[in-house]
Amino acid sequence: QWLLLKENALSAAENTVWKESALRIILMSGLLLECGIGLLSAIDAFKVGAYYIIIVVVGFFIALLLGVLASLRRPVIGSAILIATIYAAAFCIVYFINNVEIAKYGIMFVYTAPLIGRIFFGSRVALILMTINVFPFMLLLRNEPLPVYPGINVPLANAHAYIQSLLFLFFNICVPLGVFRLLHALDASIRRHRAATSELQSSHAQYQEIFENAGGAIVLCDAQGR
């Protein structure tokens, strides 16, 4: 019910319900993802004294939690927080991981931003985000060392596994679940349209049968007799 998955929430009058539902699905799955992988990486960071990673993990947890809370009253703000979190995640992976090959994976997060922007804000925002994403793409295309926060020299032993897990779960679960919600809403809308069309065709056939086979004259008028 909280995720707005009930069929009665898909009425024609509630044309924004599916957006709110998709937003809550993506934010909640992202929050659970942060609780899992983020907690494991924070534990490893604590063992090696990389406390900045703990701060980053807590920051993302707070941001996603604020996004979930915003989705209850102001879905637009929740959507903006989601997109901002995606870019922030890419920045932190690139800037705070000193292994270049692992850090490059972080840029892949931003490639989902145009899709999410199109779902929640429209084509104009999606095109803007597509244009912005040219810059991180060119950064990868140059195949040069990425900018790294100075003084970071203690890599996490399982950093590669954490980043790969984040990419897999985000691209394979979080975003697809939101898109599935969209497709489900479209399917439900198509079913309603087909049902309405079938009823209209049946009504048309019924009145056509009456007019074609009536034995006497038929006059149609409005309440004023016209």
Side-chain angles (χ1 to χ4, degrees), residues 3-5 18-42 44 53 56-57 59-68 70-71 75 78-97 99-123 125-141 143 146 156 158-187:
L3 292 175
L4 304 175
L5 297 177
W18 65 266
K19 290 186 179 182
E20 296 179 17
S21 179
L23 176 62
R24 294 182 186 184
I25 289 172
I26 296 176
L27 284 172
M28 281 302 301
S29 57
L31 187 61
L32 294 175
L33 176 62
E34 175 69 14
C35 290
I37 298 179
L39 180 61
L40 292 176
S41 60
D44 282 358
I53 294 180
V56 169
V57 169
F60 277 108
F61 178 82
I62 294 174
L64 290 171
L65 186 59
L66 290 175
V68 171
S71 68
S79 304
I81 291 176
L82 174 60
I83 294 176
T85 303
I86 291 174
Y87 280 98
F91 173 81
C92 289
I93 292 174
V94 170
Y95 203 54
F96 291 111
I97 293 182
N99 187 315
V100 178
E101 296 303 319
I102 298 177
K104 287 180 178 180
Y105 289 121
I107 296 180
M108 296 178 63
F109 274 105
V110 303
Y111 296 154
T112 61
L115 173 62
I116 295 176
R118 173 61 185 87
I119 292 175
F120 300 117
F121 293 102
S123 301
V125 172
L127 290 173
I128 293 174
L129 295 177
M130 291 168 66
T131 303
I132 293 175
N133 286 349
V134 172
F135 296 99
F137 169 73
M138 295 301 297
L139 189 64
L140 287 179
L141 203 60
N143 198 27
L146 300 175
L156 294 182
N158 298 316
H160 183 270
Y162 293 146
I163 300 303
Q164 291 288 2
S165 299
L166 281 172
L167 289 172
F168 171 75
L169 294 174
F170 186 72
F171 282 96
N172 197 61
I173 295 180
C174 298
V175 174
L177 284 177
V179 176
F180 292 166
R181 181 65 181 89
L182 164 61
L183 296 178
H184 176 70
L186 292 177
D187 290 340

Residue pair L115 / V179, side-chain heavy-atom distance below 4.5 Å: yes
Please test L39 against V57 for side-chain contact (heavy atoms from CB on, under 4.5 Å), starting from the C-alpha separation and ending with a verdict. CA-CA 8 Å; L39 180 61; V57 169; over 6 Å; no
Is Y105 close to V94 at the side-chain level, that is, under 4.5 Å between some pair of heavy atoms? no
Flag side-chain contact, heavy atom, 4.5 Å: W18 against L186: no
Nearest heavy atoms of C174 and L33, plus distance in Å: SG-CD2, 4.3 Å
CD1 (I128) and OG (S123) are apart, to the nearest 0.5 Å, by 11.0 Å
Shortest non-hydrogen contact from G178 to A22? O-CB, 3.7 Å
Got a second to check how far I62's CD1 is from E34's CD, nearest 0.5 Å? 10.5 Å
Considering all heavy atoms, the nearest G78-A70 contact: N-CB, 3.7 Å
Are the side chains of L40 and D44 in contact, using a 4.5 Å heavy-atom criterion? no
Can you confirm whether F137 is buried at CZ, in the sense that more than 12 heavy atoms of other residues, nucleotides or ligands lie under 6.0 Å from that atom? no
Just how far is it from atom CG of L65 to atom CZ of F61, taken to the nearest 0.5 Å? 5.5 Å
A side-chain contact here means heavy atoms from C-beta on lying under 4.5 Å apart; do R118 and V125 qualify? no
Could you give the distance from CG (L169) to CD1 (I37), rounded to the nearest 0.5 Å? 4.5 Å
Tightest non-hydrogen contact, residues C92 and V56, listed as SG-CG1, 4.0 Å
Heavy-atom pair with the smallest gap, counting every atom of A90 and F109: CB-CB, 4.2 Å
Heavy-atom side-chain proximity of F121 to I83 below 4.5 angstrom: yes
CZ on F180 to CD1 on I173, rounded to 0.5 Å: 10.5 Å
Pair V110, F91 - check side-chain contact (heavy atoms from CB on, under 4.5 Å), show working. CA-CA 9 Å; V110 303; F91 173 81; over 6 Å; no
Checking S71 side chain against V68 main chain: does a donor-acceptor pair fall under 3.5 Å? yes
If you define the side chain from C-beta out and look only at heavy atoms, does anything of T85 sit under 4.5 Å from L64? yes
Nearest-0.5 Å distance, CD1 of residue I163 to CE of residue M108: 11.5 Å
If you take all heavy atoms of P136 and I107, which pair is closest and at what distance? CB-CG2, 3.5 Å
Side-chain (N158) to main-chain (S41) donor-acceptor, under 3.5 angstrom: no
